Amino acid sequence: MDIPFKHFEIIRDDYHNRTYNYLNLYVDYYLTYHCCKDCILDLIHTCECFSIQRLNDTVFDFENMIHNYFMYVKLCKLKNDEDKKLYIKLKAVFSDVEMPLVFKEKSLETIDLTGLNAAFNEVRPWSNILYDTKEKEFIFADIEDIDLDDLECEENVIGISDHDIDHRDILERFIKHVNVDEDTFKLIYHAFHQKGSFRRCKELFRKFGILDDYYQYQDRMIKLCEIGWCIKNGFDFNGIHIEEL
């Protein structure tokens with residue numbers, strides 16, 4: 001039977017429209033699992049309906065979706081029958097796609113989520129924030145005050161830097177995301193490239209009545225970055241609540 005190209009293209013495009021694909025890889029794991037499970041189910045259902053037993057993924061590029069889904073399951077130590085069944089079915093059809101071995105349940109470490117949120121709000125290129133897993137506390141300091149090479153050798157110290165969250169990138173993403181007319185967009189985007197861009201942009205956001213929208217968007221992106229950091233480092237993030245993905 002011929003491959004149903006249009007069906008697969010719809011699934012692929014739906015997946016790409018639901019993931020941010022820019023914050024970091026671990027956030028993509030989270031979004032794929034929580035926002036795109038129906039894409040995975042549609043993919044399996046389509047293969048079953050058209051009796052497709054093997055599919056070359058180079059045409060549709062489902063590899064990232066499948067890999068990211070099961071990386072989340074693996075890193076978050078999830079173990080459930082539903083995901084196991086999905087794994088078996090997808091592994092049979094997409095034999096060439098790298099699918100991590102999963103289903104080894106284990107408790108995640110707890111962390112002070114209030115402190116984590118404060119840390120992620122403070123991260124800037126000129127500062128570095130550390131988390132001491134032994135003392136269970138955050139260390140705030142300027143980069144010049146910390147010998148990072150020595151600290152990286154310490155097993156109980158984990159860094160939080162602008163590699164984990166980029167506030168300027170979040171600002172730019174909001175400017176491109178917000179629904180304003182072309183002239184307003186040009187004015188805001190020009191301010192973004194000027195000195196004091198955060199202050200200038202916020203003044204314009206206030207002027208055009210979108211400052212609250214920015215704060216809500218910023219809060220959502222910060223929380224996603226916190227979740228990504230927790231996934232990467234094996235911490236429980238169930239207490240982080242995001243109203244809208």
Side-chain angles (χ1 to χ4, degrees), residues 18-36 64 67-78 100 106 108-177 192 197-198 201 214-245:
R18 295 193 200 185
T19 53
Y20 292 94
N21 288 316
Y22 64 80
L23 289 171
N24 62 59
L25 185 60
Y26 297 93
V27 173
D28 280 351
Y29 295 161
Y30 173 83
L31 291 172
T32 300
Y33 188 86
H34 288 278
C35 299
C36 304
N64 282 341
H67 177 78
N68 290 354
Y69 185 93
F70 288 106
M71 278 301 297
Y72 179 85
V73 176
K74 177 182 179 179
L75 293 173
C76 293
K77 311 296 191 300
L78 302 181
K106 182 181 177 182
L108 298 173
E109 294 291 328
T110 59
I111 190 170
D112 174 13
L113 295 177
T114 301
L116 182 66
N117 182 255
F120 268 78
N121 275 280
E122 292 297 323
V123 171
R124 296 296 184 273
W126 58 85
S127 66
N128 207 72
I129 300 172
L130 305 167
Y131 180 69
D132 188 325
T133 59
K134 185 177 180 180
E135 300 296 331
K136 296 187 179 298
E137 63 180 12
F138 293 92
I139 304 169
F140 296 75
D142 292 334
I143 285 179
E144 56 266 24
D145 296 334
I146 302 176
D147 191 333
L148 294 177
D149 291 333
D150 288 343
L151 285 173
E152 286 177 354
C153 297
E154 298 287 340
E155 293 184 358
N156 61 302
V157 174
I158 304 173
I160 305 173
S161 70
D162 58 344
H163 294 293
D164 298 298
I165 181 169
D166 185 340
H167 287 275
R168 182 173 173 80
D169 177 66
I170 291 174
L171 174 60
E172 183 176 16
R173 299 286 175 176
F174 174 75
I175 293 170
K176 293 179 178 179
H177 163 84
F192 173 77
S197 57
F198 281 90
C201 287
Y214 167 66
Y215 284 135
Q216 291 173 11
Y217 182 88
Q218 180 190 47
D219 180 66
R220 189 162 64 249
M221 295 300 104
I222 290 174
K223 287 180 177 178
L224 281 172
C225 288
E226 292 171 19
I227 288 172
W229 184 87
C230 286
I231 293 172
K232 179 173 69 173
N233 295 291
F235 291 106
D236 186 351
F237 56 85
N238 283 329
I240 300 176
H241 301 292
I242 301 176
E243 294 184 2
E244 179 185 351
L245 288 175

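Since the model is a prediction, treat every value here as computed from it, not as a measurement.
- Residues Y72 and L31 fail the side-chain proximity criterion, which asks for heavy atoms closer than 4.5 Å.
- Atom OH of residue Y214 and atom CZ of residue F198 lie 5.5 Å apart, to the nearest 0.5 angstrom.
- Across D132 and K134, no two heavy atoms sit closer than the pair OD1-N, 2.9 Å.
- A heavy-atom distance below 4.5 Å is not found between the side chains of D112 and Y131.
- Contact of the C76 side chain with the Y30 side chain is not registered, since no non-hydrogen atoms from C-beta on lie closer than 4.5 Å.
- You'll find the side chain of I129 stays beyond 4.5 Å of the side chain of F120, heavy atoms only.
- For the atom pair CZ (F192) and CZ (R168), the distance works out to 3.5 Å, reported to the nearest 0.5 Å.
- Nearest heavy-atom pair, L171 versus S197, reported as atom, atom and distance to 0.1 Å: CD2-O, 4.4 Å.
- A pairwise comparison of heavy atoms in K136 and T110 identifies NZ-O, 4.2 Å as the closest pair.
- The closest side-chain heavy-atom distance from Q218 to H167 is below 4.5 Å.
- Looking only at side-chain heavy atoms (C-beta outward), F138 and I111 come within less than 4.5 Å of each other.
- A heavy-atom distance below 4.5 Å is not found between the side chains of D28 and N64.
- Between E172 and K176 there is a salt bridge, since at least one side-chain N of the basic residue sits less than 4.0 Å from a carboxylate O of the acidic one.
- The CD1 atom of I240 sits 11.5 Å away from atom CD1 of I222, with the distance rounded to the nearest 0.5 Å.
- Ring pair W229/F235: centre-to-centre distance below 6.0 Å.
- Between the NE2 atom in H34 and the CD1 atom in I227 there is a gap of 7.5 Å [rounded to 0.5 Å].
- The two residues C201 and I175 make their nearest non-hydrogen contact at SG-CD1, 4.0 Å.
- Between the side chain of N117 and the main chain of L113, no donor-acceptor pair closer than 3.5 Å is present.
- At least one donor-acceptor pair under 3.5 Å links the side chain of D164 to the backbone N or O of S161.
- Looking at heavy atoms from C-beta onward, Y215 lies out of side-chain contact with D219 at the 4.5 angstrom threshold.
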| Should V123 and C225 be marked as a side-chain contact (heavy atoms from CB on, under 4.5 Å) after you check the CA-CA gap, both sets of side-chain angles, and the distance that decides it? | CA-CA 11 Å; V123 171; C225 288; over 6 Å; no
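- Atom NZ in K223 sits 12.5 Å away from atom CD1 in I165 (nearest 0.5 Å).
- L75 approaches L108 most closely through the heavy-atom pair O-CD2, 3.9 Å.
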| task | Go through Y29 and Y26 one step at a time and tell me if the ring-ring contact (aromatic ring centres under 6.0 Å, His included) criterion holds. | result | CA-CA 5 Å; Y29 295 161; Y26 297 93; 5.5 Å; yes
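- For the residue pair I160 and A119, the shortest heavy atom distance occurs at CD1-CB, 4.1 Å.
- Note: D166 CG to R124 CZ = 9.5 Å, rounded to the nearest 0.5 Å.
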